[in-house]
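Accompanying notes for the structure given below.
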Amino acid sequence: MVDHRKSFIIQLMNNKIESSDVMFSIIQWFIFLLANAVAIPIVIGSIFQMDTMAIMLLMQRTFFVIGIACFLQGWLGHKLPIVDGPAGLWVSTFAVFAASVGSTGAAGLEALRMLEMGMILTGVLLILFGVFKISGKVISYFTPLVTGVFLTLLTFQLSGTFLQGMFGLSDQVTTAQLDGFLIAMVTFIAVLVFSNFFNGWVKSYAVLLGIGLGWILFVMFKDSTTKLTTQNWLSMPEWFAWGTPQFDWSIVPVAVLTGLILLSNIVASLSAATEVIEGKSNFSVSQMNRGSFMLGVNHGISGIFSSVAVVPLASSAGFIQLTGEKRKSPFMWASMLLILVAFFPPIISFLAGIPSPVANAALLATFVQLMGLGLRNLFADGLDHRRLTIITISLLLGSGLMFIPSEAFAELPGTVRQVISNGMLVGTVLAVFLEQIWKNEDRNKQAST
C-alpha cells in the first residue's frame with residue numbers, strides 16, 4: 001500500500017514537471033512569435049505615416065494573422081514547428097508602393113488597397129501551385145548550395161536590420177542609443193551563453209530568459225513604457241481596414257513574381273527546419289505542396305485583414321537549434337494563444353512594450369545558428385572550382401546590392417526595381433541559374449565525348 005502511494009506521488013510530480021515544461025515551452029514560442037510580429041507594424045506605420053492608433057490596430061491584425069497562419073501550417077500545411085512572420089519581400093513592396101503611389105491621404109489608402117489585392121492574388125497563385133502540385137517540382141532546383149546561398153544572404157540582409165534595432169536607429173532617430181545598445185548586447189550574449197554553456201531547462205528557455213533579462217534591465221535603467229495605448233478591452237480584428245481591395249493591372253506581375261520567389265522561401269525554411277529536427281534536410285514533395293497551398297490561404301487572410309503577408313521564417317530553425325525545443329505541440333498552443341491575445345488590445349499594448357533593442361538582440365542570437373546552417377549547406381558537397389565560383393558570384397552580387405539604396409533604381413519600372421533592389425533575391429536566383437546551367441554544360445561535354 002505504501003509503495004502504491006509512493007508510486008502515485010512520484011507519477012503526480014512527474015506530471016507536474018512535464019506540465020510546467022510544456023507551459024514554459026509555450027511561453028517561449030509565444031515570445032518568439034511576438035518578437036517576429038512587433039517590429040513590422042511599426043515599420044509599415046512609419047512608411048505610411050500612420051498615427052499611433054492605426055499602428056496599434058495594425059499590430060492587432062498582425063498578431064491575429066500570424067497566429068492563424070502558424071496554426072494552419074502546423075495543422076494542415078507542412079506540419080512543422082515553423083513560425084510564419086511578415087515577409088521582408090512584402091515589406092519592400094509596401095515601401096515601393098508608398099513611394100510610387102503615395103503614402104498619405106487618399107493616395108496612401110489607394111496604395112494600401114492595391115496591396116491588399118496584390119496579397120490576395122499572390123495567395124490564389126500559391127494555392128494553385130499547391131493544388132496542381134507545381135510547388136513540389138521546384139525542390140530539385142534548390143540544392144544544398146542554393147539553400148546555403150539563400151540562408152547566408154538572408155542573415156546578411158537581416159543582421160543589419162537587427163543591429164539598427166539594437167542601436168535604436170529609425171527614420172526619426174539617427175543617433176545611436178548606446179545605453180540601449182549595451183542592454184541589447186547583454187541580451188544577445190545572455191541568449192548565447194544560456195544556450196551554449198548550460199543544459200536542461202536553462203538551455204531550452206535561453207531566448208525567453210534572455211528577453212526577460214533585457215526587459216528587466218530596460219525597466220531599471222531606461223523608460224520602456226509603451227507608446228501604443230487603447231481604451232477598448234475587447235475587440236475583433238477589422239476586415240479590410242484599409243478599404244475594399246483595388247485591382248490594377250500593374251499589381252498582376254508583382255503578384256506573380258512574388259509568388260514564385262516565395263516558393264524558394266518555403267524550400268529554405270523546410271530544409272533548415274528538418275535539418276535541425278531530424279539531423280538532415282528531409283522534407284517531402286507533399287509537404288512542399290501543402291505548404292504552398294496553406295501559404296496561399298494565409299496570404300488571402302493577410303489581405304482580408306489588411307496586414308503584411310506572412311511566410312515561413314527560416315530563422316525558426318535557428319530558434320529550434322538554440323533552444324533544443326523540437327516538439328510541435330507547444331508551438332501549436334503558442335499560435336492559438338497569439339490568436340486569443342489579438343482580441344484584447346490592452347494585452348497587445350503591454351506586449352508591444354517589449355523594448356525593440358531587446359527583441360532585435362534575441363532575434364540576432366537565433367541568426368547565429370541560422371548562418372551556421374547556411375555555411376554548412378554551402379560546404380556540404382565540398383568546394384571544387386565550379387561550386388566555389390557559383391558561391392562567390394552569388395554572394396558578391398547579392399550582398400553588394402544590399403548596400404545600394406533602392407532610390408538609385410527610381411527610374412526603372414516598379415516590378416524591375418523591386419527585384420533588382422533585393423540582394424537576397426538576386427543572389428538566390430543567380431545561384432539557381434548558375435547551378436543548373438553549369439551542370440547542363442558539364443553533361444553536354446560528357447555526352448559529346
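For reference, positions follow the sequence shown, starting with 1.
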Close side-chain approach of [X] and [Y], heavy atoms under 4.5 Å:
X      : Y      : result
Val368 : Phe188 : yes
Leu338 : Leu34  : yes
Pro357 : Phe181 : no
Pro245 : Arg113 : no
Met56  : Ile348 : yes
Val297 : Ile127 : yes
Asp84  : Leu313 : no
Leu388 : Asp384 : no

Under the salt bridge (charged side-chain N to carboxylate O under 4.0 Å, His left out) definition, can you give me all pairs with a residue in [range], not counting sequence neighbours?
range            : answer
residues 363-383 : Glu275-Arg376, Asp381-Arg387
residues 176-195 : Asp179-Lys222
residues 115-137 : none

Flag, side chain of [X] to backbone of [Y], donor-acceptor distance under 3.5 Å:
X      : Y      : value
Gln60  : Pro345 : no
Ser269 : Pro312 : yes
Ser394 : Ile390 : yes
Ser292 : Asn289 : no
Thr274 : Ser281 : no
Thr155 : Thr152 : yes
Ser316 : Val83  : yes
Glu435 : Ile437 : no

Identify the two heavy atoms, one from [X] and one from [Y], that lie closest to each other, and give their separation to 0.1 Å.
X      : Y      : result
Phe331 : Leu80  : CE2-O, 4.0 Å
Ser135 : Leu263 : OG-CD2, 3.6 Å
Glu325 : Pro330 : OE2-CG, 4.3 Å
Leu192 : Ser195 : O-OG, 3.0 Å
Val310 : His299 : O-CE1, 3.4 Å
Leu145 : Ala431 : CD2-CB, 4.4 Å

| message | Test of understanding: with ring pair (Phe, Tyr, Trp, His ring centres under 6.0 Å), list the residues that count as partners of Phe319, not counting sequence neighbours. | response |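 Phe319 satisfies ring pair (Phe, Tyr, Trp, His ring centres under 6.0 Å) with Trp29, Phe32 only.
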| query | With sequence neighbours left out, what residues match Phe30 under ring pair (Phe, Tyr, Trp, His ring centres under 6.0 Å)? | reply |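 In terms of ring pair (Phe, Tyr, Trp, His ring centres under 6.0 Å), with neighbours along the sequence ignored, Phe30 is linked to no residue.
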Atom pair [atom1] ([X]) and [atom2] ([Y]), whose distance is rounded to the nearest 0.5 Å:
X      : Y      : atom1 : atom2 : answer
Ile320 : Ile82  : CD1   : CD1   : 7.0 Å
Arg327 : Met332 : CZ    : CE    : 14.5 Å
Met50  : Leu57  : CE    : CG    : 10.0 Å
Ile26  : Trp333 : CD1   : CH2   : 7.0 Å
Ile251 : Met114 : CD1   : CE    : 5.0 Å
Gln73  : Asn298 : CD    : CG    : 5.5 Å

| field | side-chain contact (heavy atoms from CB on, under 4.5 Å) between Ile347 and Phe343, intermediate numbers included | value | CA-CA 9 Å; Ile347 300 178; Phe343 289 89; over 6 Å; no
| Thr389 and Trp438: side-chain contact (heavy atoms from CB on, under 4.5 Å), yes or no, with the steps? | CA-CA 11 Å; Thr389 303; Trp438 203 325; 3.8 Å; yes
| message | Checking Ile216 against Leu213 for the side-chain contact (heavy atoms from CB on, under 4.5 Å) test, could you report, in this order, the C-alpha distance in whole Å, the side-chain angles of both residues, the deciding distance, and whether it holds? | response | CA-CA 5 Å; Ile216 291 172; Leu213 175 62; 5.5 Å; no
Taking side-chain hydrogen bond (donor to acceptor under 3.5 Å, both in side chains) as the test, write out the residues that go with [X], two or more places apart.
X      : answer
Ser284 : none
Glu278 : Asn282
Thr147 : none

| Can you list the residues that meet the side chain to side chain contact (heavy atoms under 4.5 Å, CB included) rule with Leu182, with sequence neighbours excluded? |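 Leu182: no side chain to side chain contact (heavy atoms under 4.5 Å, CB included) contacts found.
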| said: If the condition is side chain to side chain contact (heavy atoms under 4.5 Å, CB included), which residues does Ala317 pass it with, not counting sequence neighbours? | reply: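 For Ala317 the side chain to side chain contact (heavy atoms under 4.5 Å, CB included) partners, ignoring immediate neighbours, are Ala272, Val276, Leu373.
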| task | Answer yes or no: are there more than 12 heavy-atom neighbours, outside Phe240 itself, under 6.0 Å from its atom CZ? | result |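 Buried by this count: over 12 neighbours within 6.0 Å.
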| Pick one: which of Leu364, Thr323, Leu322 meets side-chain contact (heavy atoms from CB on, under 4.5 Å) with Val191? |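 In the set Leu364, Thr323, Leu322, the residue that makes a side-chain contact (heavy atoms from CB on, under 4.5 Å) with Val191 is Leu322.
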| task | Can you tell me which residue pairs pass the ring-ring contact (aromatic ring centres under 6.0 Å, His included) test with a partner in residues 258-297, sequence neighbours excluded? | result |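 Of all non-adjacent pairs touching residues 258-297, none passes ring-ring contact (aromatic ring centres under 6.0 Å, His included).
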| request: Could you please spell out the steps behind the side-chain contact (heavy atoms from CB on, under 4.5 Å) verdict for Val146 and Tyr141? | output: CA-CA 8 Å; Val146 174; Tyr141 294 97; over 6 Å; no
Could you tabulate the donor-acceptor pairs under 3.5 Å formed by side-chain atoms of residues 61-71, not counting sequence neighbours?
from, atom 1, to, atom 2, distance (Å)
Arg61, NE, Phe305, O, 2.9
Arg61, NE, Ser306, O, 3.1
Arg61, NH2, Ser306, O, 3.2
Thr62, OG1, Leu58, O, 2.7
Thr62, OG1, Ser307, OG, 3.3

